[in-house]
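For reference, the structure is listed below as structure tokens.
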Number of protein chains: 2
Amino acid sequence: MEDQVQVFQEFLSRKGLKLTRPRREILDAVFGLHEHFDAPRLHQTLRGIKSDISMATIYRTLPLLEEAGLIQHSLRASSRDVYEHIYGHPLHVHWICSRCSKVQETPLNSLQDQLQKEAEGINFNLDEVNIQVRGICWKCRNSENEIQ
Amino acid sequence: MEDQVQVFQEFLSRKGLKLTRPRREILDAVFGLHEHFDAPRLHQTLRGIKSDISMATIYRTLPLLEEAGLIQHSLRASSRDVYEHIYGHPLHVHWICSRCSKVQETPLNSLQDQLQKEAEGINFNLDEVNIQVRGICWKCRNSENEIQ
DNA sequence: CCTTGTATTGAGAATCAGTCGCATCTTTCT
DNA sequence: AGAAAGATGCGACTGATTCTCAATACAAGG
């Protein structure tokens, strides 16, 4: 439990930065959410709970969390910067329905090995993988006739 | 040559819309660029060449091109809406270097088949695939020691 | 416990992308 | 040429993200 705090802490000191109250609260909020989020939503969440951390601080902290490998940019349907926390989560594929915008996730499985091989082929030091697939989910396929 | 014009033309008339001068010029500009682009860059390009098509028109046209299957949303490092034209291009993997931000592309190859299989597994009607991999490219790996 | 240098923060201004409403053109069809 | 429907440009507007800067908080040394 609270592994992510350690990770962040270590990352910060390695860079000569400090784990301050605002940073800690943002970290907690991020790992308290179990969905994708963006800066405004995070701000709302934090405000709801207790503190009034400024947008500026949130926008400053997210890149740090990303650099520390705790969160990653997620693919987005909208035009905002969307993140999700990944520490302790396996990499996955996002299946995005073009109709209802719902997002399902499945694990990478064997795809990862292949990507790894290709990475070696071009001498690329692979860090993160994001796979986004768009199409129509089964629910919408079924109700396709009604709408159109 | 100029296949994309036909495709767009047909798409438009199917929807009762017209292939106007601005739309045509945007289409040309899009297929004249051989990199990823966003609305502002497109605007700049168009301005440089000749016409003064408004941002509003560009923002209205891009979704049409997307719906026509001529371009697709690309994954982005920044916070803007980035597109690339795909008509006549095979699907590919984006290799993004976290250090120098350069983007390389490789074809999907066998990954596509696997995704297709997984799609069938969850009864998902696969349309588009975007794969983004982040890491460090060979150039940056080599010069890693110097900077740090 | 005080001092000092450095990192941080909040608030608000400033940007910038993307959207919208509307009066004015274009295109198409007759 | 005239009418109807679709398009466009302009400018206002919204909302996200960045920037600036003065005020704080913190760690280390005295």
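As the structure is a prediction and not an experimental result, all values here were calculated from the model. Naming convention: chains lettered A, B, ... in sequence-line order (proteins, then strands); numbering from 1 in each chain.
- For A:T57, the side chain to side chain donor-acceptor pair (under 3.5 Å) test picks out A:S54, with sequence neighbours left out.
- You won't find any donor-acceptor pair under 3.5 Å spanning the side chain of B:R60 and the base of C:dG18, going by distance alone.
- One interatomic measurement links the two molecules: CD1 of B:I26 to C1' of D:dA7, which rounds to 11 Å at whole-angstrom precision.
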Evaluation steps, side chain to side chain contact (heavy atoms under 4.5 Å, CB included), between A:V133 and A:H94: CA-CA 6 Å; A:V133 180; A:H94 285 155; over 6 Å; no

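- As a whole-Å value, the separation of B:H43 NE2 from C:dC16 P is 15 Å.
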Verdict with supporting geometry, A:F31 and A:V5, side chain to side chain contact (heavy atoms under 4.5 Å, CB included): CA-CA 10 Å; A:F31 277 80; A:V5 180; over 6 Å; no

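- Contact check on B:E10 versus B:R14 returns no salt bridge, with no Lys/Arg side-chain nitrogen under 4.0 Å from an Asp/Glu carboxylate oxygen.
- Considering only the side chain of A:A56, C:dG10 comes nearest among C:dG18, C:dG10, C:dC20.
- Atom CG of B:L19 and atom C1' of C:dT28 are 14 Å apart (whole Å).
- Whole-Å rounding puts the B:M55 CE to C:dT19 C1' distance at 12 Å.
- Which of C:dA11, D:dC10, D:dT18 sits closest to the side chain of A:Y59 comes down to D:dT18.
- Within the helix from C:dC1-D:dG30 to C:dT30-D:dA1, the inter-axis angle between the opening and closing five-pair segments is 30°, rounded to 10°.
- No donor-acceptor distance shorter than 3.5 angstrom exists from the side chain of A:R23 to the backbone of A:T61, with no hydrogens or angles considered.
- Spacing between atom CD1 of A:I58 and atom C1' of D:dC19 amounts to 17 Å, rounded to whole angstrom units.
- The two atoms that bring A:F11 and A:A68 nearest to each other are CG-CB, 3.5 Å, heavy atoms only.
- The interatomic distance linking B:I53 (CD1) with D:dG9 (P) rounds to 6 Å, in whole Å.
- A salt bridge links A:D28 with A:R24: the closest approach of a Lys/Arg side-chain nitrogen to an acidic carboxylate oxygen falls below 4.0 angstrom.
- Taking only side-chain nitrogens and oxygens, A:R23 comes nearer than 4.0 Å to OP1 or OP2 of C:dT8.
- Proximity of B:T57 to the phosphate of D:dG9: a side-chain N or O atom is located under 4.0 Å from OP1 or OP2.
- Side-chain nitrogen and oxygen atoms of B:T20 include none within less than 4.0 Å of the OP1 or OP2 phosphate oxygen of D:dG6.
- For the pair A:K18 and B:L17, both in contact range of DNA chain D, the more 5′-proximal nearest nucleotide belongs to B:L17.
- Rounded to whole Å, atom P of C:dT26 lies 13 Å from atom CD of B:E25.
- Going from atom CG of B:D38 over to atom P of C:dC16 covers 13 Å, rounded to whole Å.
- The nearest heavy atom of DNA chain C to A:G16 and to B:R21 marks one nucleotide each, and the one closer to the 5' end goes with A:G16.
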